[in-house]
Visitor: 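Can you keep this structure in mind? I'll have questions shortly.
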Amino acid sequence: MLVYPSGIDVSSSALRFLSAKLRRHRHELGTRWRRLSPGRQALLTLAHLRNGLPYARLAAGFGIGTTTAYRYVAEAVELLAALAPALEEAARTASTKAFVLLDGTLLPIDRIAADRPFYSGKHKKHGMNVQILADPSGRLLWASPAPPGAVHDVRAAREHDIVRTLTDAGIKCWADKGYRGAGGTVRVPYWGRWETLSRGQKAVNRSHAKIRTLVEQAVATLKSWRLLRKLRCSTTRVTSLVRAIVTLHLASSGQ
């Protein structure tokens with residue numbers, strides 16, 4: 001296999017953050033020697049998450065075995081996932097904002113038509129449903145665990161306790177029509193065909209849409225990590241991957 005230099009469009013602060021965490025983790029384990037230093041292991045993990053490179057290509061580039069590359073990445077991902085903010089922490093951060101934005105996104109996976117629990121009728125593809133909270137500027141605050149894509153947004157929001165947590169904290173939340181009936185402090189557009197809505201309802205829906213579209217920036221932030229654009233791993237690992245990426249994003253953006 002040919003090997004060539006490449007770049008990763010990730011802030012150096014993310015590399016320093018992960019390197020420090022890995023160095024401390026190794027010290028706690030009493031690890032004496034490994035094929036890669038904490039900095040190189042961090043770079044290996046970032047290359048996998050950001051560019052979605054398979055383990056065989058990473059192994060060749062870093063001069064290690066494929067199994068070792070998988071083990072190093074899995075270790076770093078689990079370490080980062082454990083540092084991701086819980087919903088209650090995100091709610092405390094959101095309480096200082098005027099409101100939050102809520103949306104769901106589908107992370108595509110390589111499943112066949114027979115895997116119905118993972119098939120999203122809305123998106124017409126197989127995937128995992130992830131709920132996202134963003135601040136009024138569209139900055140990513142939190143991402144939920146990832147249930148199968150067949151789970152509707154409003155059901156996912158309830159199962160993850162998003163609606164109850166935001167309501168108990170008195171945080172206003174803007175969401176799309178997929179959250180109709182969520183209740184609490186979740187605000188959705190008026191329901192109905194456009195021509196049947198009153199002038200006032202149309203004005204409210206237009207204003208609501210302008211505010212809510214900012215959440216797409218948070219979705220784009222999550223999917224800028226190319227691994228999430230087409231997941232080929234076990235579905236049981238998706239939540240850890242998402243949480244790890246949220247941790248890296250928050251650490252590198254200073255949030």
Visitor: Within a radius of less than 6.0 Å around CZ of Arg206, do more than 12 heavy atoms belonging to other residues, nucleotides or ligands occur?
Guide: yes
Visitor: Kindly indicate whether the side chain of Asp153, heavy atoms from C-beta on, has any atom under 4.5 Å from the side chain of Asn129.
Guide: yes
Visitor: Determine the minimum heavy-atom distance between Lys122 and Asp176, stating which atoms define it.
Guide: NZ-OD2, 4.4 Å
Visitor: Answer with yes or no whether the side chains of Thr165 and Glu88 bring together a donor and an acceptor at under 3.5 Å.
Guide: no
Visitor: Could you list the residues that satisfy side-chain hydrogen bond (donor to acceptor under 3.5 Å, both in side chains) with Glu75, not counting sequence neighbours?
Guide: His25, Arg34, Gln41
Visitor: For residues Ala90 and Trp142, report the shortest heavy-atom separation together with the two atoms involved.
Guide: CB-CB, 3.6 Å
Visitor: Would you name the heavy atoms of Tyr190 and Asn205 that are closest together and state the gap between them?
Guide: N-OD1, 2.8 Å
Visitor: Can you name the one residue among Leu141, Ile162, Asp135, Thr185 that meets side chain to side chain contact (heavy atoms under 4.5 Å, CB included) with Val100?
Guide: Leu141
Visitor: Assess whether a salt bridge exists between Lys230 and Asp110, defined as any Lys/Arg side-chain N lying under 4.0 Å from an Asp/Glu carboxylate O.
Guide: no
Visitor: Take Leu43 and Ile8 through the test side-chain contact (heavy atoms from CB on, under 4.5 Å) and record every step on the way to the result.
Guide: CA-CA 9 Å; Leu43 186 61; Ile8 309 174; 3.8 Å; yes
Visitor: Taking only residues two or more places apart in sequence, or in another chain, which ones meet Thr66 in a side-chain contact (heavy atoms from CB on, under 4.5 Å)?
Guide: Tyr55, Ala56, Ala59
Visitor: Where the side chain of Lys210 meets the backbone of Ser207, is there a donor-acceptor pair that is under 3.5 Å apart?
Guide: no
Visitor: Evaluate the side-chain proximity of Thr221 to His249: yes if any heavy-atom separation is below 4.5 Å, no if none is.
Guide: yes
Visitor: Mind checking whether Val246 and Leu222 have side chains closer than 4.5 Å, heavy atoms only?
Guide: yes
Visitor: Run the side-chain hydrogen bond (donor to acceptor under 3.5 Å, both in side chains) test against Thr105 and tell me which residues pass, sequence neighbours left out.
Guide: Lys223
Visitor: Hey, is the main chain of Arg92 close enough, under 3.5 Å, to the side chain of Ser95 for a donor-acceptor pair?
Guide: yes
Visitor: Run the side-chain hydrogen bond (donor to acceptor under 3.5 Å, both in side chains) test against Asn51 and tell me which residues pass, sequence neighbours left out.
Guide: Arg226
Visitor: Does a donor on one side chain and an acceptor on the other come within less than 3.5 Å for Arg243 and Thr247?
Guide: no
Visitor: Quick one: pull up OH in Tyr72 and NE2 in His48 and give me the separation to the nearest 0.5 Å.
Guide: 16.0 Å
Visitor: Hey, does Val154 have a side-chain heavy atom less than 4.5 Å from the side chain of Val186?
Guide: no
Visitor: Which atom names give the shortest non-hydrogen contact between Phe17 and Leu80, and what distance separates them?
Guide: CE2-CD2, 3.8 Å
Visitor: Could you check if a side-chain atom of Arg237 sits within less than 4.5 angstrom of a side-chain atom of Glu78, using non-hydrogen atoms only?
Guide: no
Visitor: For Ile211, what are the other residues in its hydrophobic cluster, where any two members join if their side-chain heavy atoms are less than 4.5 angstrom apart?
Guide: Phe99, Leu101, Trp174, Leu214, Val215
Visitor: When you check the gap from the basic side-chain N to the acidic O, do Arg24 and Glu28 get nearer than 4.0 Å?
Guide: no
Visitor: Who are the side-chain contact (heavy atoms from CB on, under 4.5 Å) partners of Ser6, not counting sequence neighbours?
Guide: Tyr4
Visitor: Leu18, Leu58: one ILVMFWY side-chain cluster at the under-4.5 Å cut-off?
Guide: yes
Visitor: What residue among Leu107, Leu53, Leu241 forms side chain to side chain contact (heavy atoms under 4.5 Å, CB included) with Leu227?
Guide: Leu241
Visitor: Side-chain contact test, heavy atoms from C-beta onward, threshold under 4.5 Å: evaluate it for Ser12 versus Arg16 and give yes or no.
Guide: yes
Visitor: Can you find a pair of side-chain heavy atoms, one from Leu102 and one from Ile132, that are under 4.5 Å apart?
Guide: no
Visitor: Using modelled atom types and a 3.5 Å cut-off, is there a donor and acceptor pairing between side-chain atoms of Thr31 and backbone atoms of Trp33?
Guide: no
Visitor: Starting from the C-alpha separation in whole Å, work towards a yes-or-no answer on side-chain contact (heavy atoms from CB on, under 4.5 Å) for Leu133 and Leu166.
Guide: CA-CA 11 Å; Leu133 286 178; Leu166 295 180; 4.2 Å; yes
Visitor: Using the side-chain contact (heavy atoms from CB on, under 4.5 Å) rule, take Lys202 and Ser198 through it: C-alpha gap first, then chi angles, then the decisive distance, then the call.
Guide: CA-CA 6 Å; Lys202 290 178 180 178; Ser198 68; over 6 Å; no
Visitor: Of the non-hydrogen atoms in Ala98 and Pro136, which two are nearest, and what is the gap between them?
Guide: N-CG, 4.3 Å
Visitor: Quick check for you: to the nearest 0.5 Å, what is the distance between Phe62 atom CZ and Arg40 atom CZ?
Guide: 5.0 Å
Visitor: Got Ile109 and Phe118 here, is their nearest side-chain heavy-atom distance under 4.5 Å?
Guide: yes
Visitor: Is the closest side-chain donor-acceptor distance between Ser224 and Arg50 under 3.5 Å?
Guide: yes
Visitor: Output yes when a side-chain donor or acceptor of Ser11 lies under 3.5 Å from a complementary backbone atom of Ser13, and no otherwise.
Guide: yes
Visitor: Quick check on Arg158: does its CZ atom have over 12 non-hydrogen neighbours (other residues, nucleotides or ligands) under 6.0 Å away?
Guide: yes
Visitor: What heavy-atom pair brings Pro147 and His160 nearest, and what distance separates the two atoms?
Guide: CD-NE2, 3.8 Å
